[in-house]
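Heads up: the structure comes next, in structure tokens.
A note on names: the letters A, B, ... follow the listed sequences, proteins ahead of strands, and every chain is numbered from 1.
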Amino acid sequence: MSARRILVTSALPYANGPIHIGHLVEYLQTDIWVRFQKLRGHECRYFCADDTHGTAIMIRAREESRREEDLIAEMQAGHEKDFAEFDIVFDNYGSTHSEENRALCGEIWQSIREAGLVKEADVEQLYDVEASTFLADRFVRGTCPKCKATDQPGDNCSVCGHHYSPAELVYPKSALSGTTPEVRSAGHLFIELEQLHEFLETWTQSGDHLQPEIANYLKGHFLGEPLRDWDISRPAPYFGFEIPDSPGNYWYVWFDAPIGYVASTRQWCDRTGENFDDWWKSSDTEIHHFIGKDITYFHTLFWPGMLKTAGYSLPTKVHIHGFLTVGGEKMSKSKGTFVNARTYLNHLDPNYLRYFYASKLSAKVDDIDLSLEEFVAKVNTDLVGKFVNLASRSAKFVGSTGLSAKYPEDDGLFAHAAQVGDEIANAYEACDTSRAMRLIMALADRANPYIEENKPWALRKEPAEAQRLQDVCTVALNLFRQLAIYLAPVLPQLAAQTGELLQEPITSWDQAKTPLTGTPVAKFQHMLRRVEEKDLHAMIEESKAELPADGDESATGASTSTSDNDGDDALAAEPLAEECTFDDFTKVDLRVARVVEAEHVPEAHKLLKLKLSLGGGVTKQVFAGIKAAYEPEQLVGRLVVCVANLAPREMRFGVSEGMVIASGPGGEEVFLLSPDDGAVPGQRVH
RNA sequence: GGUCCGGUAGCUCAGUUGGUUAGAGCAGGGGACUCAUAAUCCCUUGGUCGGGGGUUCGAGUCCCUCCCGGACUACCA
């Protein structure tokens with residue numbers, strides 16, 4: 001097997017929010033694949049970067065009254081920290097807002113110009129006069145021209161599903177300023193992709209560049225008709241790179257984002273002295289992109305077209321994965337299943353998620369589901385019960401003697417596992433890690449009965465059987481080590497721990513072919529704690545408590561957008577009450593209050609006991625039926641709204657002197673109301 | 001609406017170019033063991049492979065049709 005040179009990328013995370021467990025599907029899938037290739041002895045490099053340009057960043061920086069550069073630097077630091085703690089290791093992690101990227105954009109742009117692919121045309125767009133910016137579709141809301149539903153997004157109606165352009169909205173409003181935008185015309189630059197139609201047809205439909213379902217999708221969706229021009233410029237103001245030969249216009253973020261792959265490589269080459277052309281302009285180098293299905297067309301049509309035109313290597317393969325669902329549903333902030341990487345790390349070991357995703361991922365584009373029960377079962381049964389247990393039940397018997405000098409008879413177990421290694425490698429190579437994990441666990445299922453049959457715990461009581469004891473444990477630990485090698489791409493920490501236990505670092509896949517003999521064995525230490533369901537629930541609770549800062553959690557990577565959930569269920573379940581007068585309303589004295597104490601009531605099934613402060617030393621004791629939805633710890637310190645003049649009521653556990661205001665049907669579906677920033681305890685709600 | 005992908009034991013999934021009584025893990029039931037992180041081992045209960053029709057000596061596997069679920073629908077990031 002000769003060493004391959006392999007360049008790998010993951011989609012660039014957008015610098016507008018933190019990494020969450022949906023993104024991690026992609027970064028972990030890629031990291032596992034890269035680690036596998038490196039373990040196999042190939043020259044494999046993993047490049048990524050933050051995606052930093054676009055209107056969303058500009059708007060957010062403006063809202064936060066700071067420079068875009070400061071915003072994206074902070075985001076990038078957070079991303080890199082999260083990746084590092086999940087053991088996702090890049091050979092270079094750059095930024096699209098770098099000089100390397102600016103230079104490469106200019107160079108590639110020049111090629112596209114020279115190839116005659118650029119044309120200019122006017123585009124009519126809504127313009128927010130007050131914010132002095134053009135508005136992307138999602139920054140406009142208004143009344144649907146078809147069904148007249150109010151407050152609908154700028155591109156399609158969430159009620160009737162009708163598609164339209166923002167300008168067609170009745171009463172359009174800018175989401176930025178709330179003002180009514182006006183239609184303005186501006187010159188945009190377009191790439192005439194149709195000129196590359198034949199090339200793209202051939203490239204997408206031949207070879208193994210794409211998964212079959214993706215090639216088929218492109219053929220049916222895009223390639224069956226003329227490809228539309230791609231609008232790749234945006235007029236000022238825009239956070240991005242100004243187009244050198246078109247002052248006042250900026251490259252659209254999707255033009256410079258994929259070039260970020262190349263720019264990150266360039267940075268690495270400059271740092272290490274590698275030859276750039278060997279990586280991006282050599283037919284000997286494989287290029288693999290890992291992306292989510294939402295950005296398929298950018299990577300399978302635009303991007304190959306750009307590379308081809310600019311004289312760069314084309315992707316060897318674009319690996320496309322599906323989204324993450326949790327408990328069979330889209331990730332949801334209100335349900336606490338929209339879990340940030342940081343929140344996960346506060347409660348759980350990254351190894352769990354690495355293994356869990358590995359056991360679910362295949363080469364298909366299907367979504368994968370994280371069920372909490374399955375997560376616990378897989379981690380505890382597979383990783384701890386089957387795998388780590390092999391070492392844990394045998395290592396200490398040979399702590400003093402080390403491994404036998406000669407590998408003992410083992411009924412062919414080692415040889416079999418060595419042989420299956422090829423099949424496991426094929427599965428990894430094909431990104432079918434779920435198959436790889438199944439094969440590995442099947443090997444663990446052969447190893448545990450071996451120990452069962454040979455009873456080392458009985459042998460150790462017979463001095464005459466000392467050699468047998470050592471032999472049995474030598475077999476067990478070698479079988480364990482084989483599995484650790486096969487799992488090393490997924491569980492690098494476990495591989496390192498195994499290396500320490502057996503005094504021989506795991507550095508190569510081929511180490512699984514030869515048993516270790518005659519070497520010392522270190523004192524066994526716990527390798528991985530079992531996961532407990534309560535840790536998962538604590539994580540979910542913390543996610544719930546993290547209030548959504550804004551409605552935007554999309555990103556260039558494995559984004560999973562949450563859609564507005566404005567159905568009629570809630571209203572149907574609880575119809576509007578009879579009309580009341582203003583005087584009726586003012587009888588109820590609603591006040592902002594701070595939760596200063598919160599505790600469980602031991603015998604109560606639904607209640608939490610709260611102490612609310614109305615400021616100035618005035619407090620009220622309230623029993624609230626929110627136990628299923630909130631943990632006491634997450635309530636202390638937060639502001640709520642309470643009914644302050646409700647008649648006190650004697651309850652079984654004490655007197656309740658008010659109510660906290662919440663919505664929802666009850667049980668776990670209870671949502672406390674919070675005032676916006678600035679409110680202070682004691683203020684009346686009018 | 002259109003296009004695509006799925007529907008195999010309670011759950012998550014394997015089922016190679018159609019070929020013997022449809023498999024695994026988990027969960028459930030019974031037993032064993034005690035070295036191990038209430039781990040492990042043995043035995044075991046579950047399926048007319050979404051419905052119907054067809055091709056074939058033979059179909060979970062091919063064709064048609066219907067039902068159900070999901071995804072996507074570029075000039076949004």
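If you check every strand for non-hydrogen atoms under 4.0 Å, A/Lys396 touches sugar and phosphate atoms only. Residue-level contact check: A/Arg234 touches the backbone only, with heavy atoms under 4.0 Å from sugar-phosphate atoms and none from bases. Residue A/Phe397 is in sugar-phosphate contact alone, with no base atom involved, counting any heavy-atom pair closer than 4.0 Å across all strands shown.
For the residue pair A/Gln467 / A/Asp471, a side-chain donor-acceptor distance below 3.5 Å is found, with atom types taken as modelled. When only modelled atom types and interatomic distance are considered, A/Tyr355 and A/Asp382 share a side-chain donor-acceptor pair under 3.5 Å. Remark: the A/Asn101 side chain and the A/Thr96 side chain contain no N/O donor-acceptor pair separated by less than 3.5 Å. A donor and an acceptor atom, one from each side chain of A/His416 and A/Gln419, are nowhere located under 3.5 Å apart. A donor and an acceptor atom, one from each side chain of A/Thr296 and A/Asp294, are nowhere located under 3.5 Å apart. Donor-acceptor pairing under 3.5 Å is recorded for the side chains of A/Asp128 and A/Ser174. A/Asn426 and A/Arg435 are not linked by any side-chain donor-acceptor pair at a separation below 3.5 angstrom, with hydrogens and angles left out of the test.
A/Tyr14 approaches A/His79 most closely through the heavy-atom pair O-CE1, 3.5 Å. Nearest heavy-atom pair, A/Arg481 versus A/Leu502, reported as atom, atom and distance to 0.1 Å: CD-CD1, 3.6 Å.
The CD1-C1' distance, from A/Ile320 to B/rC4, rounds to 14 Å in whole Å. Spacing between atom CG of A/Leu383 and atom P of B/rG25 amounts to 17 Å, rounded to whole angstrom units. In this entry the distance linking CG of A/Leu479 with P of B/rA36 reads 20 Å, nearest Å. Atom CZ in A/Phe375 sits roughly 18 Å away from atom P in B/rC26 (whole-Å rounding). Distance, A/Phe222 CZ to B/rC4 P: 14 Å, rounded to whole Å. A/Asn454 places its CG atom 15 Å from the P atom of B/rU34, with the value rounded to the nearest Å. Atom CG in A/Asp366 sits about 18 Å away from atom P in B/rG69, given to the nearest Å. A/Ile214 has its CD1 atom 11 Å from the C1' atom of B/rA71, to the nearest Å.
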task: Decide yes or no on side chain to side chain contact (heavy atoms under 4.5 Å, CB included) for A/Val531 and A/Asn380, but give the supporting numbers first.
output: CA-CA 7 Å; A/Val531 60; A/Asn380 287 346; 3.4 Å; yes

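Using atom C1' as the reference point in both B/rU34 and B/rU48, the two lie 45 Å apart (nearest Å). Between B/rG7 and B/rC66, the distance separating the two C1' atoms is 14 Å to the nearest Å. Only the C1' atoms considered, B/rC64 is 36 Å distant from B/rG25, to the nearest whole Å. On the C1' atoms, B/rC63 is 37 Å away from B/rU45, given to the nearest whole Å. Atom C1' of B/rU12 sits at a distance of 11 Å from the matching atom of B/rA27, rounded to the whole Å. The same atom, P, is picked in B/rG29 and in B/rC35; the two are 26 Å apart, to the nearest Å. Distance check on atom C1': B/rG60 versus B/rU8 gives 7 Å, rounded to whole Å. With P as the reference atom, B/rG52 and B/rA9 are 16 Å apart, rounded to whole Å.
Taking CG of A/Leu528 as the start and OH of A/Tyr352 as the end, the distance is 5.0 Å to the nearest 0.5 Å.
Nearest-nucleotide assignment on RNA chain B puts the 5′-proximal partner with A/Lys461, out of A/Asp231 and A/Lys461. Each of A/Asp382 and A/Glu213 was matched to the nucleotide of RNA chain B holding its nearest heavy atom; the match closer to the 5' end belongs to A/Glu213.
We find that A/Glu374 and A/Lys360 are joined by a salt bridge, their nearest charged nitrogen and carboxylate oxygen being less than 4.0 Å apart. Residues A/Arg529 and A/Asp349 are not paired through a salt bridge, judged by the lack of any N-O separation under 4.0 Å between the basic side chain and the carboxylate.
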- prompt: Dot-bracket, RNA chain B: Watson-Crick or G-U, under 3.5 angstrom, [ ] crossing, | other strand?
  reply: (((((((..((((.....[...)))).(((((.......))))).....(((((..]....))))))))))))....

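A parallel orientation is assigned to the rings of A/Trp254 and A/Phe298, their planes being inclined by less than 30° (bins at 30° and 60°).
The listed nucleotides are B/rC5, B/rA74, B/rC26; the one nearest the side chain of A/Tyr297 is B/rA74. Side chain of A/Tyr217, nearest nucleotide from B/rU34, B/rA71, B/rU73: B/rU73.
Residue A/Asn216 places none of its side-chain N or O atoms closer than 4.0 Å to OP1 or OP2 of B/rU3.
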statement: Scoring nucleotides 37-43 of chain B by protein non-hydrogen atoms under 4.0 Å (B base, S sugar-phosphate only, - none) yields B-SBS--

task: List the protein contact pattern of nucleotides 7-17 of chain B with one symbol per nucleotide (5' to 3'): B for base contact, S for sugar-phosphate-only contact, - for none; contact means a heavy-atom distance under 4.0 Å.
output: -----SSS---

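Shown here, B/rG46 is classed syn by the O4'-C1'-N9-C4 or O4'-C1'-N1-C2 angle, which is within 90° of 0.
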